[in-house]
Protein chains: 2
Amino acid sequence: MNLPPLIQTFVLHFGEMGSRWGINRTVGQIYALLFLSGEPLNAEDIVERLGVSRSNVSMGLKELQSWNLVRLQHKPGDRRDYFSTPDDIWQIVRTLVEERKKREIDPTLTLLREVLMQEPASAEERHAQARMREMHDLFELLTDWYADMQRLETERLVQLLKLGTKIQKILDVKDRLFPASGAKNRRSSDKDK
Amino acid sequence: MNLPPLIQTFVLHFGEMGSRWGINRTVGQIYALLFLSGEPLNAEDIVERLGVSRSNVSMGLKELQSWNLVRLQHKPGDRRDYFSTPDDIWQIVRTLVEERKKREIDPTLTLLREVLMQEPASAEERHAQARMREMHDLFELLTDWYADMQRLETERLVQLLKLGTKIQKILDVKDRLFPASGAKNRRSSDKDK
DNA sequence: CCGATATTTCAGAAAATACTGAAATAACAG
DNA sequence: CTGTTATTTCAGTATTTTCTGAAATATCGG
């Protein structure tokens with residue numbers, strides 16, 4: 001590995017982190033390298049910097065492309081492929097969340113819906129279905145919310161995030177102004193501390 | 001594997017999904033089984049139902065405990081350990097997010113802070129640091145927001161999520177009432193559609 | 001303390017995943 | 001079409017991870 005120390009630290013860290021998510025070390029390192037790089041890199045650049053085989057880089061880049069996490073570019077008079085990450089880090093977050101949703105949440109929701117259609121054959125299955133219903137409703141709530149957030153402009157999204165707990169006060173005001181609108185989400189207050 | 005079909009479908013799915021997250025198939029299956037079960041299960045129950053070795057179950061349960069994802073209980077006159085998941089699914093979500101933050105986000109934030117302290121030795125390192133600063137600020141924004149959300153009662157949290165895009169309208173109202181308070185987050189409006 | 005039962009540990013086997021080098025394919029310039 | 005350069009594929013190898021069975025440890029009742 002042939003990198004300035006500061007960059008190497010980050011690249012190694014992301015290699016390890018990659019393992020915690022579904023991606024392997026090399027893919028994590030390639031992405032980290034591209035993220036930090038000021039200019040697009042070609043496969044040979046990456047080979048030299050990370051010290052892995054050309055074929056490994058090829059497969060890693062293919063995987064990153066399948067995640068829509070890297071952009072393929074070309075330089076005039078150079079027919080090698082150059083890769084880069086979006087300049088806008090929020091765009092990266094959006095893509096990441098979108099892809100993970102596509103691969104993890106959506107298939108799970110599909111499966112839950114299928115299983116919830118079936119007739120339970122015992123008390124055990126009936127309870128299991130009730131549990132799956134809870135999970136289904138939770139996932140649906142979260143994905144609906146996510147769809148809304150994804151639709152917001154980044155500026156608005158950031159504003160919202162920065163609001164943090166203050167949002168609670170705004171909700172209090174809203175409740176006082178329109179007491180009916182949120183009431184259906186309220187159960188008996190026995191759980192309130 | 002010795003399970004009612006409906007439950008087996010779910011358990012197998014979560015076993016596979018587990019691989020996408022950092023956990024292995026067996027751990028995913030154990031968790032799915034406990035999640036669906038109406039009553040706490042002991043290790044031997046799990047062995048019979050999943051058809052894996054006793055030692056594998058032991059290690060899987062240990063891992064789930066290290067994630068705070070299962071509760072250990074005892075029955076009177078029975079000295080075996082019984083395991084269950086929280087009844088409240090929102091509690092599960094909270095724990096899951098908290099633990100993933102602890103293992104993935106926090107160490108990354110620590111590393112980013114360390115690296116950002118160092119003096120860049122070249123233009124390349126300077127650019128890399130700027131990039132890491134962006135990531136650091138993003139993570140900090142998200143973790144601050146998350147801390148706020150974690151503090152909310154579940155009812156409030158759900159209310160907030162259900163609000164979805166409507167929040168935007170409330171923000172518009174807020175902006176009209178208190179034009180100053182959110183203004184610092186606004187840049188020039190050239191990006192507005 | 002003893003015997004019975006429950007759980008954990010751990011070395012090695014089995015399985016899954018990552019990685020490489022070599023060959024195949026593709027894309028282009030002349 | 002031919003030679004050159006870029007990229008991909010893939011079979012085999014290396015590495016890592018998961019899983020098991022056996023042994024060790026722990027806990028309890030008597």
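The sequence lines fix the lettering, A, B, ..., with proteins before strands; numbering per chain opens at 1. Just so it is clear, the structure is predicted and the values come from calculations on it, not from any experiment.
In R71(A), the CZ atom is not crowded: 12 or fewer heavy atoms of neighbouring residues, nucleotides or ligands sit closer than 6.0 Å.
Of the candidates R25(A), Q29(A), M17(A), L12(A) forms a side chain to side chain contact (heavy atoms under 4.5 Å, CB included) with just one, namely Q29(A).
Residue E63(A) contributes atom CD, which lies 11 Å from atom P of dC19(C) at whole-angstrom precision. Between the P atom of dC19(C) and the CD1 atom of I46(A) lies a distance of 14 Å, rounded to the nearest Å. One interatomic measurement links the two molecules: NZ of K62(B) to P of dC19(D), which rounds to 15 Å at whole-angstrom precision. Whole-Å rounding puts the Q73(A) CD to dT7(D) P distance at 14 Å. As a whole-Å value, the separation of D81(B) CG from dA26(D) P is 15 Å. In this structure, N24(B) places its CG atom 9 Å from C1' of dC19(D), rounding to the nearest Å. To the nearest angstrom, P of dA6(C) lies 8 Å from CG of N42(B). Here dT18(D) presents its P atom at 13 Å from CD of Q29(B), a figure rounded to the nearest Å.
Of the candidate nucleotides dT4(D), dT7(C), dT7(D), dT7(C) has the atom nearest to the side chain of S58(B). Distance from the side chain of M59(A) is smallest for dC19(C) among the nucleotides dC19(C), dT9(C), dA6(D). Here the nucleotide nearest the side chain of R79(A), chosen from dA6(C), dT20(D), dC28(C), is dC28(C). Each of dA6(D), dA6(C), dC19(C) was ranked by its minimum atom distance to the side chain of N56(A); first place goes to dC19(C). In this structure, of dT7(C), dG21(D), dC28(C), it is dG21(D) that holds the atom nearest to the side chain of S55(B).
Residue whose closest nucleotide on DNA chain D sits further toward the 5' end, between A43(A) and G22(B): A43(A). Between G51(A) and L61(B), it is L61(B) whose nearest contact on DNA chain C lies nearer the 5' terminus.
Remark: the R80(A) side chain and the dT5(D) base include no donor-acceptor N/O pair separated by less than 3.5 Å.
Under a 4.0 Å N-O distance rule, the pair E124(B)/R49(A) qualifies as a salt bridge. Ion pairing between R131(A) and E125(A) fails under the 4.0 Å rule for side-chain N and carboxylate O.
For dC19(C), neither phosphate oxygen OP1 nor OP2 lies less than 4.0 angstrom from any side-chain nitrogen or oxygen of R54(A).
Residues Q73(A) and S84(A) have side chains that bring a donor and an acceptor to within less than 3.5 angstrom of each other.
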